[in-house]
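The structure appears below as structure tokens.
Each chain gets a letter, A, B and so on, in the order its sequence line appears, and its residues count up from 1. As the structure is a prediction and not an experimental result, all values here were calculated from the model.
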Amino acid sequence: MEKFSKISGVAAPLPLVNIDTDMIIPKQFLKTIKRSGLGVNLFDEMRYDRQGNEIEGFVLNKPAYRQAQILVAGDNFGCGSSREHAPWALADFGIKAIISTSYADIFYNNCFKNGMLPIVLPQEAVDVLMKDAEKGSNARIEVDLESQTVTSSDGQSFTFEVDAFKKHCLLNGLDDIGLTMEKVKSIDAFEAKAAMERPWV
Amino acid sequence: MSPKTLYDKIWDAHVAHESEDGTCLLYIDRHLVHEVTSPQAFEGLRMTGRKVRAPEKTIAVPDHNVPTTLDRANASTMTEESRIQVEALDKNAKDFGIHYYPVSDVRQGIVHIVGPEQGWTLPGMTVVCGDSHTATHGAFGSLAHGIGTSEVEHVLATQTLIQKKSKNMKVEITGKLRPGVTAKDITLSVIGATGTAGGTGYVIEYCGEAIRDLSMEGRMTVCNMAIEGGARAGLIAPDEKTFEYVKGRPHAPKGAAWEAALAYWQTLFTDEGAHFDKVITIKGEDIAPVVTWGTSPEDVLPITATVPAPESFKGGKVEAAQRSLDYMGLTAGQKLTDIEIDTVFIGSCTNGRIEDLRAAAEILKGKKIKVKRAMVVPGSGLVRAQAEEEGLAQIFIDAGFEWRLAGCSMCLAMNPDQLSEGERCASTSNRNFEGRQGYKGRTHLVSPAMAAAAAITGHLTDVREMM
């Protein structure tokens, strides 16, 4: 997995609340057996009409936001289906960090597995960054995972919380499975004990 | 020892390793797998030369893509991409030696219906699947939740998940339900009360007389939609009904093992005085048959209500509600019972079990549908067989319903069962998101009985008027 440290980039504003993973990547694109190539279909039904033409006005179709690396989104982003195709599509498009007041649990976890940072900030901070994002490509927002800060284009800085283990994995691009394999003796021991205590499992 | 919640007990019994910061490796007893969220995980194993650590605890069944028409044995009923995905599961199940129910097997069906039906799901277990509706299995008092594909690969390789413990939330439904009110109305009403993010960070335990009174099928419906309220999982403490349901199922323990299991299962309840971080209490008698009007499962109202005005909401929800009304083609103030329905869908992991079909058939008996199309998609081949044996299938067919084979079908419309643009559906499924049942399709979530009532009248209908 790619390491995440600091990014400075254009942020696309998506103020709608409860953006679900069906919106992020509609089901017809879940038929792939690969992880890559989904960026072109990110937000497909909001981004294109039935003929495949871009819908003018959708944020990622505006020239300023075509290279966006950050999303600033409404509450409860990524709710609904567990599909990891949602973070795959976001990452494939080029999104590296998301800023919102809250995320759905499964989506939040899925982001970290794909080198992407979902940042939780209070409403007031998200409001400031949303306004900043609306300025377009002149406004570059900076995200620094090491110091856990987001800085708006005019220098307002906000500190965010992130789980220490998740931060460590993201900063170092660590593979979860490899890390867990190092604890295989604990798993073996647990399995042996559980087989005695709950043999029917 | 301090009193524990049911969630605390199951969690504690499955921690294989705990780091200083509280990050745990949670051991997984059952891993359910379907064709859509697993191919990349198996590919990951192959690329790294890893094996499935516990194939005997891993169960796979194709459900999302499979056609539900009677001619589905003919490969041309599937799109090329769907066929590749199902064939990939066939191959992965064989190569890695995991339990498998192929499309041709009568036991095939929606993974969350097959698991309990075959006795794979037992009280006190940890159950995961690359599908958010894994919460369904919580009805047995097992800790069950959805995971992403990277986590599917992690569980395949290590039989554990990296987790931090969630908080405890209690949802109590007191007293009795009124006639015509079902498990679906309970679970939708809870989401209506808490919102789709109300459960985020929590595991919910549902309790109270109205929950105890539910059958296992009803309890599965309630837990199924815990995820729609944002919770990691939903749980119901096992009791005699649970044990009765489990007993004799193919993979349930037998003989002495049954007795040992039963003794353990009887310890699975929340201790007196255990701490909950959040408590919601709803009176059973206050719950009405409900319907969703918008494009989020929290957009719930009693069938007797009218479409709300967007201005009646707060914050970002005002814009979201306006967007919902535009999408749904509805006007504020319109009576919900005046909304005309084109299509009725009965099925899904929420409401595709035998009891759901019985409830719908009872309303439909001797009647004809007025909607343009209506279909019943049983949750598994065995549910379908039982419904045929009980004469339910004939009631549906006589009323004008299509009687289909098992699968996820129009719940997420990955197979050919889809709504067309503007088509309006009364659906027993779990999500009314934009485009969920087909591009620009319009979904109203309801119970099976309410779906049957709408099928007969051609508009959303208070089922109590037909009882």
message = Let's go through A:I106 and B:I227 carefully: what are the C-alpha distance in whole Å and the side-chain angles of both, what is the deciding distance for side chain to side chain contact (heavy atoms under 4.5 Å, CB included) to 0.1 Å, and is it a yes or a no?
response = CA-CA 10 Å; A:I106 303 175; B:I227 182 69; 4.0 Å; yes

key: Candidate pair B:S150 and A:M1, rule side chain to side chain contact (heavy atoms under 4.5 Å, CB included), full reasoning   = CA-CA 12 Å; B:S150 295; A:M1 199 171 73; over 6 Å; no

task = Might you work through the salt bridge (charged side-chain N to carboxylate O under 4.0 Å, His left out) test for B:R50 and A:D175, ending with a clear yes or no?
result = CA-CA 14 Å; B:R50 288 169 178 147; A:D175 158 39; 3.7 Å; yes

ask   = Please walk me through it: do B:H145 and A:S82 pass side chain to side chain contact (heavy atoms under 4.5 Å, CB included)?
value = CA-CA 10 Å; B:H145 57 88; A:S82 62; over 6 Å; no

message = Between B:R30 and A:V201, is the side chain to side chain contact (heavy atoms under 4.5 Å, CB included) condition met? List the steps.
response = CA-CA 9 Å; B:R30 291 287 180 267; A:V201 174; 4.1 Å; yes

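Between chain A and the residues B:E43, B:K164, B:E319, the largest count of heavy-atom pairs under 4.5 Å involves B:K164. Heavy-atom pairs under 4.5 Å with chain A were tallied for B:I84, B:T295, B:I147, B:D21; the largest tally goes to B:I147.
Not one N or O on the side chain of A:K27 forms a donor-acceptor pair closer than 3.5 Å with the backbone of B:A413. In this structure, B:E35 contributes its side chain and A:K31 its backbone to no donor-acceptor pair below 3.5 Å. Although no hydrogens or angles enter the test, the distance criterion places a donor-acceptor pair under 3.5 Å between the side chain of A:R198 and the main chain of B:A13. Between the B:R436 side chain and the A:D22 main chain, no donor and acceptor come within less than 3.5 Å of each other.
B:R232 places a side-chain heavy atom less than 4.5 Å from the side chain of A:N109. You'll find the side chain of B:R53 reaches within 4.5 Å of the side chain of A:V184, heavy atoms only. With a 4.5 Å cut-off on side-chain heavy atoms, B:E434 and A:M23 count as touching.
Nearest heavy-atom pair across A:T32 and B:P39 is O-CG, 4.5 Å. Closest heavy-atom contact between A:Y48 and B:Y439: O-OH, 4.5 Å.
For A:D75, no part lies under 4.5 angstrom from a heavy atom of chain B.
Residues of residues 138-168 of chain A lying within less than 4.5 angstrom of chain B, judged on heavy atoms, are A:D163, A:F165 in numerical order.
Taking a cutoff of 4.0 Å between a charged side-chain nitrogen and a carboxylate oxygen, B:E81 and A:K34 do not qualify as a salt bridge.
Taking the six-membered ring for Trp and thresholds of 30 and 60 degrees, B:H14 and A:F190 have ring planes inclined between 30 and 60 degrees apart.
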